[in-house]
Protein chains: 2
Amino acid sequence: MDGRPDLRNDTARKILDAADELLAEVGLDGVSARSVATRAGVNNALVFYHFKSMRGLVERVLERYYEGQLAALEAATGAADEPLRARLHRVVDAYLDFMEAHRRFPRLVQGLTAMGPELHDLLRGHLAPLLRWAERALADVAPPEGPLAARHLFITFSGVITTWFTQGPLLAPLWGDDPEGPAALAERRAHVRWVVDALLAGLAREEPAGT
Amino acid sequence: MDGRPDLRNDTARKILDAADELLAEVGLDGVSARSVATRAGVNNALVFYHFKSMRGLVERVLERYYEGQLAALEAATGAADEPLRARLHRVVDAYLDFMEAHRRFPRLVQGLTAMGPELHDLLRGHLAPLLRWAERALADVAPPEGPLAARHLFITFSGVITTWFTQGPLLAPLWGDDPEGPAALAERRAHVRWVVDALLAGLAREEPAGT
DNA sequence: AGCGGGGTTGAGCAATTGCTCAACTTTCGC
DNA sequence: GCGAAAGTTGAGCAATTGCTCAACCCCGCT
């Protein structure tokens, strides 16, 4: 009933889905237990029965997304004998695909990050495996320390990708594009790939003799 | 009394400053008119007297930041005869300096962006001049359309910079650094400069014969 | 048939919210 | 020194919030 309720088509799942939708529509502060319950078609007391508190609900929504993201990135990592550039392209594609398939996710993370330090530990716990994964994936080309370390590249890459999804809806109307459309995403995907190539070229130039 | 109250050291300014601080501490939803008034040392009715509504207050806080940011970037743009690389480095430095001097700003924007579409028009209004400025500054090296257009580069650059300030506090403890310290910022600054150089090199390679 | 427990319900409580209002004080032109 | 405007105050209203609780329903078990 608490912690991790069953999510097989029963009430807890409907509540979780409703919370997910509402978080994207009205933001974190706009969603109330009553609104979640109403959308899920259940009594609002059930929200606190299945998830212990409102915060527990939000944490569970987050958890679901981060698990999916990490799985998607790891699945795209592929074999180590593949050329790094091709691997990175696949990973970046997977990142973009996941964000496109779950457009609410970057918004949600953005909102929670800005909500104050109480949630930082929670977010850190989900970010840590992603960072470790990036450090492993970039171990061959990035120095362990300094301005070109994998952690900086990780922040840069994730910034380049997620900023499109968070700022895109704001900016795209300014140049008359549909930010949610597939054409705009394809263009952004090409841009990100180009950025990856340019940064890889820069890394190769920086340290011509790899390990 | 409304719209744009005088900000010369009287009550309206104290309210605005208090709101600014609180927005960063407890997030957008955590700040109430009473909390703002208490911190400012005034009666809470004054919040609605000087600013018409709670939203008006937040808008005014935002406005102050965006005006400062645009001024800082334009001041750093410099003369057109200077080499583009040097100009970009100066602009990027100014961007980083502004963010460092106003660490609450990226957080605030992040929170407001995630808060739902009601605030999007407001944010768009502030973002538009920044975008136009970027398109002007990059007119020589970026094509007007496609994946390398100035707008994509703008999102990329601002993502690389702001993500450090929003995600940094989350990630830095994972590698035992003080994200707010000057050493961490200097390292990030070097990283961003390196990114700028790498992307400029990529652009030069893409279109060897400029206008 | 009876029992017990997970699931569900509506009502409700205490706290907080944005905002209003009438009354009070201060400021300022005249 | 007068009167109007600007500024300030405490009280309070209507609505919403997270959350609790006692009662109920429904199911399998014996």
Side-chain angles (χ1 to χ4, degrees), chain A residues 1-23 25-62 108 111-112 114-116 118-119 122, chain B residues 1-23 25-62 108 111-112 114-116 118-119 122:
Chain A
M1 58 184 73
D2 64 343
R4 284 173 159 244
D6 286 349
L7 292 188
R8 35 191 183 191
N9 99 353
D10 48 352
T11 314
R13 164 142 212 171
K14 285 197 292 184
I15 294 176
L16 202 64
D17 290 338
D20 191 347
E21 294 174 22
L22 281 173
L23 276 170
E25 288 177 20
V26 293
L28 180 57
D29 56 330
V31 50
S32 67
R34 279 171 177 82
S35 64
V36 170
T38 301
R39 167 153 322 196
V42 300
N43 188 282
N44 80 78
L46 279 179
V47 173
F48 303 94
Y49 176 76
H50 286 288
F51 311 86
K52 302 177 60 165
S53 65
M54 209 56 204
R55 173 178 170 132
L57 217 200
V58 175
E59 287 182 4
R60 199 65 191 81
V61 173
L62 237 208
L108 176 61
L112 296 187
M115 266 219 50
E118 315 98 29
L119 293 166
L122 174 66
Chain B
M1 61 182 72
D2 62 344
R4 284 175 160 242
D6 286 348
L7 292 188
R8 37 191 181 193
N9 100 353
D10 47 352
T11 314
R13 163 142 212 168
K14 285 196 293 185
I15 294 176
L16 203 64
D17 290 339
D20 192 347
E21 294 174 21
L22 280 173
L23 275 170
E25 289 177 19
V26 293
L28 179 58
D29 55 331
V31 49
S32 66
R34 279 171 178 83
S35 64
V36 169
T38 301
R39 167 153 320 195
V42 299
N43 189 282
N44 80 76
L46 280 179
V47 174
F48 302 94
Y49 175 76
H50 287 287
F51 311 85
K52 303 176 58 166
S53 65
M54 209 55 205
R55 173 180 170 129
L57 216 200
V58 175
E59 287 183 4
R60 198 67 191 81
V61 173
L62 237 208
L108 176 61
L112 295 186
M115 265 220 50
E118 315 97 29
L119 293 166
L122 174 66

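All of these numbers come straight from a predicted model, not from anything done at the bench. Every chain is numbered from 1, with letters handed out A, B, ... down the list of sequences.
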Euclidean distance, atom [atom1] of residue [X] to atom [atom2] of [N] [Å, nearest integer]:
X	N	atom1	atom2	answer
B/Tyr49	C/dC19	OH	C1'	16 Å
B/Leu46	D/dT9	CG	P	5 Å
B/Lys52	C/dG18	NZ	P	18 Å
B/Leu57	C/dC19	CG	C1'	13 Å
B/Met54	C/dG18	CE	P	5 Å
A/Lys14	C/dG7	NZ	P	14 Å

Check your understanding: Quick one: which of D/dT20, C/dC19, D/dC19 gets closest to the side chain of B/Phe48?
Key ->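 Out of D/dT20, C/dC19, D/dC19, the nucleotide with an atom closest to B/Phe48's side chain is C/dC19.
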Check your understanding: Of the nucleotides C/dT8, D/dC19, D/dG7, which has the atom closest to the A/Thr11 side chain?
Key ->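 Nearest to the side chain of A/Thr11 among the choices is C/dT8.
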Any protein N or O atoms within reach of nucleotides 14-17 of chain D? Criterion: under 3.5 Å, listing atom names and distances.
| residue | atom | partner | partner atom | Å |
| --- | --- | --- | --- | --- |
| D/dT17 | OP1 | A/Ser32 | OG | 3.3 |

Practice item. Search all heavy atoms of B/Met115 against all heavy atoms of A/Asp29 and return the closest pair with its distance. Key: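 So the two residues come closest at CE-OD2, 3.4 Å.
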Practice item. Measure the spacing between CG of A/Leu57 and CG of A/Leu22 and express it to the nearest 0.5 Å. Key: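 A/Leu57 atom CG to A/Leu22 atom CG measures 10.0 Å (nearest 0.5 Å).
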Point to revise | Gap between atom OG1 of A/Thr11 and atom NZ of A/Lys14 - 0.5 Å precision | key: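 One gets 5.5 Å once the value is rounded to the nearest 0.5 Å.
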Review point. Under the side chain to side chain donor-acceptor pair (under 3.5 Å) test, which residues partner B/Ser53, sequence neighbours left out?
Key: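 In terms of side chain to side chain donor-acceptor pair (under 3.5 Å), with neighbours along the sequence ignored, B/Ser53 is linked to no residue.
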**Study point:** B/Leu62 vs B/Glu59 side-chain heavy atoms within contact, under 4.5 Å
**Key:**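 They are not in contact (no side-chain heavy atoms under 4.5 Å apart), so the answer is no.
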Check your understanding: Taking only N and O in the side chain of A/Asn43, is any of them less than 4.0 Å away from OP1 or OP2 of C/dT8?
Key ->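 False: A/Asn43 side-chain N/O out of range (4.0 Å or more) of C/dT8 OP1/OP2.
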Practice item. Run the numbers on B/Tyr49 and B/Asn43 for side-chain contact (heavy atoms from CB on, under 4.5 Å), then give the verdict. Key: CA-CA 10 Å; B/Tyr49 175 76; B/Asn43 189 282; over 6 Å; no
